[in-house]
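Scroll down for the structure; my scribbles are underneath it.
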Amino acid sequence: MTVSSAPGKVYLFGEHAVVYGEPAVPCAVERRATVSVSLRDDDHVRVRAEDLSLNGFTVEYSGSTGGRPDVDVPAPLVEAAMGYIDAAVEQARDAAGAPDAGFDISVESDIPLGAGLGSSAAVVVAGIDAATRELGVELSPREIAERAYKAEYEVQDGQASRADTFCSAMGGAVRVEGDDCRTIDAPALPFVIGFDGGAGDTGALVSGVRQLRERYDFAADTVSTIGDIVRRGEELLADADPDEEPTEELLSELGGFMNFNHGLLEALGVSSRSLDSMVWAAREAGAHGAKLTGAGGGGCIVALDPTPESQTGLRFTPGCEDAFRAELATEGVRVEEPPTTDGETPATDDSSAEESA
Ligand SMILES: Nc1ncnc2c1ncn2[C@@H]1O[C@H](COP(=O)(O)OP(=O)(O)O)[C@@H](O)[C@H]1O
Ligand SMILES: C[C@@](O)(CCOP(=O)(O)O)CC(=O)O
Ligand SMILES: [Mg+2]
């Protein structure tokens, strides 16, 4: 068995605009998806994914023939839920030249799903790493990032940037502009995350921005203005000492840019009442700045606050289900120790699994 993990991320700046070639700066955070993979001696793929909103289920289906999972849940829901893992399996098979490889896969994650923290990218990155290693192939983090991007691009019908997957594979702070992906130095920023317990539909939100941008010049200008904010934000990071605590001055300038970025995302229609109230709660509690992170529509906001005040303020905010601090994850994808006890081996929960040939 091979076990790999990869981190989620927050966007300091630039989500949505990055889809249209503007730069973005996502930062990996210490919330990880862990994927355990064992090679099978047939071509079936069996997946246990208990964090999925389908109440956790186990499915097994024939790998190379595209057989349908046999599970008592409407097919479109299963397909939507399983798309990322399927795509990761296909990428691993392709990388290893093993189109008929079968796997037992188990996914565990402490990244909320569909909430803007890049759970999909983390699952795909960790899945490709573990599955290729099981097949005796070791890809570099950059190669994993590229394959994970292809997987997300396919599942999201061509509406994906390289930002989430590159950040999850490499760790730390990164800068992505089109296919130019780099890691950048950044001080340990004091991220606080507020989570409304909900999720947004990434595909629909990206389409909404695309339509606005095509229809109105001022919406296209809004997208390019987000790019301008990112470029100015990057300059601030480049001038900061990555080994020192960030100064109040840096935090306050970055925070101001985050506020500006949130306003433009709101204008593009991707915020929500609960995201806005969490943003305001963090600001009123003294955060240097706050914005939604990821696709929006619901899910998470990120604030900059070295004190405990924003977290406390968020906890008392109606609509905020959870508030937590998120350290910058300096490590991207990595191999974990497999569990040693028998009871913890993957894909042994047969609650709703049926063999499908
Ligand atoms: N723990 C998990 N187990 C299985 N699949 C997961 C898990 N976490 C995320 N996913 C996949 O990622 C999807 C959410 O991705 P997405 O909508 O891009 O939101 P985000 O990346 O912001 O979390 C889920 O619907 C599911 O397909
Ligand atoms: C909206 C977007 O810029 C970020 C989506 O992030 P997330 O999947 O919501 O974490 C889309 C993308 O970059 O692929
Ligand atoms: Mg995603």
With the 4.5 Å side-chain cut-off for hydrophobic clustering, are [X] and [Y] part of the same group?
X    : Y    : value
I111 : V123 : no
L117 : M278 : yes
V29  : V333 : no
L265 : L254 : yes
I144 : V174 : no

* Asked: Please walk me through it: do R273 and D276 pass salt bridge (charged side-chain N to carboxylate O under 4.0 Å, His left out)?
  -> CA-CA 5 Å; R273 184 183 284 262; D276 285 345; over 6 Å; no
Is any side-chain heavy atom of [X] less than 4.5 Å from a side-chain heavy atom of [Y]?
X    : Y    : result
V47  : M82  : yes
V3   : P339 : yes
L237 : L12  : yes
E253 : H288 : no
R175 : V230 : no

I need the minimum non-hydrogen distance between [X] and [Y], along with the two atoms involved.
X    : Y    : value
R147 : I128 : C-CD1, 3.8 Å
D322 : C320 : O-SG, 3.3 Å
R231 : P23  : NH1-CD, 3.4 Å
L314 : A323 : CB-CB, 3.7 Å
A281 : G313 : CB-O, 4.5 Å
G172 : L328 : C-CD1, 4.1 Å

* For Y216, all residues meeting ring-ring contact (aromatic ring centres under 6.0 Å, His included), sequence neighbours excluded ->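 Testing Y216 for ring-ring contact (aromatic ring centres under 6.0 Å, His included), a comparison that skips the adjacent residues, returns F218.
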* Asked: Does Y149 have any ring-ring contact (aromatic ring centres under 6.0 Å, His included) partners at least two apart in sequence or in another chain, and if so, which?
  ->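 ring-ring contact (aromatic ring centres under 6.0 Å, His included) check on Y149 returns Y153.
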* To do: Test side chain to side chain contact (heavy atoms under 4.5 Å, CB included) on L212 and T222 and set out the steps.
  => CA-CA 10 Å; L212 277 178; T222 304; over 6 Å; no
* Asked: Given E336, which of S36, S5, S4 fulfils the side-chain hydrogen bond (donor to acceptor under 3.5 Å, both in side chains) condition?
  ->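 Exactly one pass, corresponding to S5.
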* To do: Determine, step by step, whether R93 and E90 satisfy the salt bridge (charged side-chain N to carboxylate O under 4.0 Å, His left out) criterion, reporting the C-alpha distance in whole Å, the side-chain angles of both residues, the deciding distance to 0.1 Å, and the verdict.
  => CA-CA 5 Å; R93 285 173 169 157; E90 281 313 315; 2.7 Å; yes
Would the distance check show the side chain of [X] and the main-chain N or O of [Y] forming a donor-acceptor pair, the cut-off being under 3.5 Å?
X    : Y    : value
R210 : V19  : no
D196 : G299 : yes
T293 : Y11  : yes
R46  : D104 : no
Q311 : P308 : no
S168 : T165 : no

How long is the span from the [atom1] atom in [X] to the [atom2] atom in [Y], to the nearest 0.5 Å?
X    : Y    : atom1 : atom2 : result
H262 : W280 : NE2   : CH2   : 9.0 Å
E134 : T2   : CD    : OG1   : 3.5 Å
T317 : R315 : OG1   : CZ    : 11.0 Å
L275 : E266 : CG    : CD    : 10.0 Å
E249 : L236 : CD    : CG    : 9.0 Å
F257 : D228 : CZ    : CG    : 10.5 Å

* Assess R232 against F260: is NZ or CZ under 6.0 Å from the centre of the six-membered ring, and within 45 degrees of the ring's axis? =>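 Output no; distance or angle outside limits.
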* Asked: Between I229 and L264, does a side chain to side chain contact (heavy atoms under 4.5 Å, CB included) hold up when you go through it step by step?
  -> CA-CA 10 Å; I229 296 175; L264 298 181; 3.7 Å; yes
* Can I85 and V45 be said to form a side chain to side chain contact (heavy atoms under 4.5 Å, CB included), step by step? -> CA-CA 10 Å; I85 294 173; V45 174; 5.6 Å; no
* To do: Before giving the answer on side chain to side chain contact (heavy atoms under 4.5 Å, CB included), spell out for Q156 and S120 the whole-Å C-alpha distance, their side-chain angles and the decisive distance to 0.1 Å.
  => CA-CA 11 Å; Q156 291 168 207; S120 59; 4.2 Å; yes
* To do: Applying side-chain contact (heavy atoms from CB on, under 4.5 Å) between H16 and each of V206, N261, V223, report the one that passes.
  =>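 Option passing the side-chain contact (heavy atoms from CB on, under 4.5 Å) with H16: V206.
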Output side-chain donor-acceptor pairs under 3.5 Å for residues 182-195, partner residues at least two apart or in another chain, one line each.
{"from": "R182", "atom 1": "NE", "to": "D180", "atom 2": "OD1", "distance (Å)": "3.1"}
{"from": "R182", "atom 1": "NE", "to": "D180", "atom 2": "OD2", "distance (Å)": "3.1"}
{"from": "R182", "atom 1": "NH2", "to": "D180", "atom 2": "OD2", "distance (Å)": "3.2"}

* **Derivation and outcome, salt bridge (charged side-chain N to carboxylate O under 4.0 Å, His left out), residues D164 and K9** => CA-CA 7 Å; D164 287 22; K9 57 100 237 287; 2.8 Å; yes
* Asked: Is the CD atom of E108 crowded by more than 12 outside heavy atoms at less than 6.0 Å?
  ->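 No, the 6.0 Å shell around CD holds no more than 12 heavy atoms from other groups.
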* Test R162 against E152 for salt bridge (charged side-chain N to carboxylate O under 4.0 Å, His left out), laying out the working first. => CA-CA 9 Å; R162 288 178 158 80; E152 282 223 319; over 6 Å; no
